J.: 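Here it is, the structure in full.
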2 protein chains.
Amino acid sequence: MLKTPYLLFLGDAPDQLAAKVAQGIRDWRPEFALGQLRLEACKADMKLPDMTIAEARDAGAATLVVGAANRGGVISKDWVRTLVEAAEAGMDIASGLHNRLSDIPELVAAAERAGTQLFDVRLPTVSYPIADGKPRTGKRCLAVGTDCSVGKMYTALAMEREMRGRGMKATFRATGQTGILITGSGVPLDAVVADFMAGSVEWLTPDNDADHWDLIEGQGSLFHPSYSGVTMALVHGGRPDALVLCHEPTRTHMRGLPHYQLPSLEALRDLALATARIVNPDVTVAGIAVNTAALGDEEARQCLEKIEARMGLATVDPFRDGAARLVDALQA
Amino acid sequence: MLKTPYLLFLGDAPDQLAAKVAQGIRDWRPEFALGQLRLEACKADMKLPDMTIAEARDAGAATLVVGAANRGGVISKDWVRTLVEAAEAGMDIASGLHNRLSDIPELVAAAERAGTQLFDVRLPTVSYPIADGKPRTGKRCLAVGTDCSVGKMYTALAMEREMRGRGMKATFRATGQTGILITGSGVPLDAVVADFMAGSVEWLTPDNDADHWDLIEGQGSLFHPSYSGVTMALVHGGRPDALVLCHEPTRTHMRGLPHYQLPSLEALRDLALATARIVNPDVTVAGIAVNTAALGDEEARQCLEKIEARMGLATVDPFRDGAARLVDALQA
């Protein structure tokens with residue numbers, strides 16, 4: 001569990017997209033985002049107060065979150081200097097980068113001297129149990145996709161926001177590093193050892209109030225040969241009561257696999273239900289979330305209408321329309 | 001890849017079952033089994049020449065394989081003394097125990113001095129790739145089960161033996177520690193990090209001659225909530241041309257999960273085909289292997305006949321009947 005509030009470190013991000021972790025925190029947990037720290041070359045801007053390390057410390061920042069991707073997988077000297085300064089000022093450091101904070105000797109030394117912590121959120125730090133498949137109290141909704149990167153995290157976060165806005169009990173459960181940095185906790189599922197995958201998802205979504213919903217971030221796709229095992233562990237470890245099907249209508253092939261076509265939403269519905277029913281015979285599909293970012297307004301509207309008529313399920317783009325109709329479907 | 005031949009270390013195994021790794025090597029790779037070493041309390045016997053370390057070394061043993069389970073997860077002093085002696089005599093040591101050889105300081109020191117290697121086969125030592133889902137040359141058969149521990153490894157080994165006996169090109173591909181110790185190589189799939197599971201199976205079953213068959217050892221079950229993600233990675237990484245359904249007809253619930261019933265063979269067939277077709281639309285079910293060890297001869301015969309009539313697929317107990325009819329089905 002990361003300590004809040006955060007100072008968002010944007011490094012020398014060349015554009016807004018390179019700072020998507022910071023953007024996610026800004027969008028979904030604005031109350032965590034105290035300020036931003038940008039190096040000279042930075043072209044990203046979260047419209048937050050620019051702060052030095054000293055200013056952030058005085059303002060009460062508890063953790064510096066690396067909110068941007070670094071170039072070429074190497075953390076530059078400029079970055080290290082800033083991170084060391086933050087550690088020396090008493091802040092924890094959290095990162096989802098591929099290269100680890102714990103592999104930077106001068107940063108490790110600074111954190112030890114200052115008594116602060118380094119969080120590489122790609123690395124599991126918990127001894128997860130083997131899954132036991134038992135029912136748990138409370139409700140769970142899992143986002144499953146026709147492919148990777150079709151908006152599963154966004155959909156679950158949008159549903160959490162809508163539910164909380166209605167006064168419902170709801171918790172987004174992060175299963176990837178961006179989600180973990182945004183919300184401050186979760187399971188880095190793609191880095192968990194095979195035997196403990198489903199158990200880590202059970203651990204993440206424990207017994208809860210009968211009227212509480214976990215909105216579980218999906219990973220991969222049952223139809224993506226590289227990652228389908230991870231998705232299967234989410235379906236069985238998450239034991240969802242409801243599924244939301246996620247789709248990107250303009251994608252021409254499975255992500256990273258030009259030789260694989262996307263499955264139809266019907267095929268996703270059927271396989272997701274067939275696998276989810278093994279652990280929960282009462283599971284249903286609540287609705288469909290379509291990422292229409294690549295379409296114009298009118299095209300997007302037609303696309304959603306066509307899918308809704310074909311599938312007979314509430315179909316929205318949560319970014320354009322919000323997640324209200326998906327939450328209505330869960331409540332119905 | 002372990003060096004052969006082996007000296008099988010049976011420790012103080014209290015009965016034959018406790019030495020099942022040694023038994024597997026004796027049954028399936030007798031040409032690897034040079035001799036056995038038993039401590040005084042040992043009640044297991046592989047009907048191999050009893051050898052001291054010195055005798056085994058003089059006979060050419062390259063690797064001492066720990067062929068028995070240890071009690072209570074602790075390697076006793078007697079065991080350590082023998083293992084150190086073997087390392088000092090120039091043998092590699094291989095083990096599938098939960099506690100690691102590499103955690104025994106005096107054994108590590110002895111191996112370093114002697115220039116020999118310690119193989120903890122539960123630990124992956126390869127950097128596996130991310131799966132790319134591409135077709136590979138050669139043929140692959142995967143054993144899938146209604147549950148864990150229903151005879152998937154035995155079935156694949158029996159099919160390999162039958163195929164080799166017919167002069168066919170066939171390789172058993174181990175995905176668990178017993179299989180790895182039996183055949184000397186493989187992937188400890190349950191210990192692989194989630195993102196690389198399917199890739200490790202692709203790595204294990206690379207391009208091969210067009211008429212070569214990989215017989216892939218199955219793990220878990222698509223219906224076992226604790227391990228279904230591992231099974232899914234085998235189905236997609238293995239990209240099987242043929243499936244063999246494995247079943248144990250007297251089991252009353254899923255292994256370790258009293259609250260889960262076993263699926264029917266029909267349900268296994270349908271879900272295994274639905275998932276395998278994602279990567280190979282031409283996959284078929286070749287036949288059914290039933291572990292009838294708990295039944296008498298007549299009961300077993302009736303059980304197999306009933307399943308064969310119901311499913312319309314060659315149905316055998318490979319232990320009682322051999323795997324000839326399964327191989328016939330693959331060839332047909």
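Keep in mind that this is a model prediction, so the values were computed, not measured. We name chains A, B, ... by the order of the sequence lines, and we start the count at 1 in each one.
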J.: Which answer fits Leu189(A), side chain, backbone, both or neither, if we ask what part of it has an atom under 4.5 Å from a heavy atom of chain B?
T.: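 Answer is backbone: N, CA, C or O of Leu189(A) sit under 4.5 Å from chain B.
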
J.: Which one, Gln219(B), Lys134(B), His224(B), leads in non-hydrogen pairs under 4.5 Å with chain A?
T.: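 The candidate making the most pairs under 4.5 Å is Lys134(B).
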
J.: What are the two closest heavy atoms between Ala68(A) and Leu97(A), and how far apart are they?
T.: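 Scanning both residues completely, I find the closest heavy atoms to be O-CD2, 3.7 Å.
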
J.: Which heavy atom of Cys141(B) sits nearest to which heavy atom of Val244(B), and what is that distance?
T.: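 Heavy atoms of Cys141(B) and Val244(B) come nearest at SG-CG2, 3.8 Å.
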
J.: Please identify, among Ala198(B), Ser226(B), Ala274(B), the residue contributing the most non-hydrogen atom pairs under 4.5 Å to chain A.
T.: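 Top count of heavy-atom pairs under 4.5 Å with chain A: Ser226(B).
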
J.: Counting only non-hydrogen atoms closer than 4.5 Å, does Val230(A) touch chain B with its backbone (N, CA, C, O), its side chain (CB onward), both, or neither?
T.: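 Contact with chain B involves both backbone and side-chain atoms of Val230(A).
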
J.: Can you give me the closest heavy-atom contact between Thr183(A) and Ala174(A), atom names plus distance?
T.: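 Shortest heavy-atom separation between Thr183(A) and Ala174(A) comes out as OG1-CB, 3.9 Å.
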
J.: For chain A, find which of Gly133(B), Pro129(B), Ala233(B) contributes the most heavy-atom pairs closer than 4.5 angstrom.
T.: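 Of the options given, most contacts go to Gly133(B).
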
J.: Among residues 254-269 of chain A, which residues come closer than 4.5 Å to chain B, judged by heavy atom distances?
T.: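 Interface residues of residues 254-269 of chain A: Leu257(A), His259(A), Tyr260(A).
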
J.: To the nearest 0.5 Å, how far apart are NZ in Lys139(A) and CG in Asp241(A)?
T.: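 One finds 4.5 Å between NZ of Lys139(A) and CG of Asp241(A).
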
J.: NE2 of His253(B): more than 12 outside heavy atoms within 6.0 angstrom?
T.: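 Correct, the count exceeds 12.
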
J.: From Thr178(B) OG1 over to Met153(B) CE, what is the distance, rounded to the nearest 0.5 angstrom?
T.: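 Going from OG1 on Thr178(B) over to CE on Met153(B), the span is 5.5 Å.
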
J.: What heavy-atom pair brings Leu204(B) and Thr175(B) nearest, and what distance separates the two atoms?
T.: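 Heavy atoms only, the tightest pair is CD2-CG2, 3.7 Å.
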
J.: Rounded at 0.5 Å granularity, tell me how far CD in Gln117(B) sits from OG in Ser102(B).
T.: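 Here the rounded value is 12.5 Å.
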
J.: If you round to the nearest 0.5 Å, how far is CZ of Phe119(A) from OG of Ser95(A)?
T.: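 Reported to 0.5 Å precision, the distance equals 12.5 Å.
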
J.: If you count heavy-atom pairs within less than 4.5 Å of chain B, which of Ile278(A), Val235(A), Leu222(A), Asp190(A) leads?
T.: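 With the most close heavy-atom pairs to chain B, the winner is Asp190(A).
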
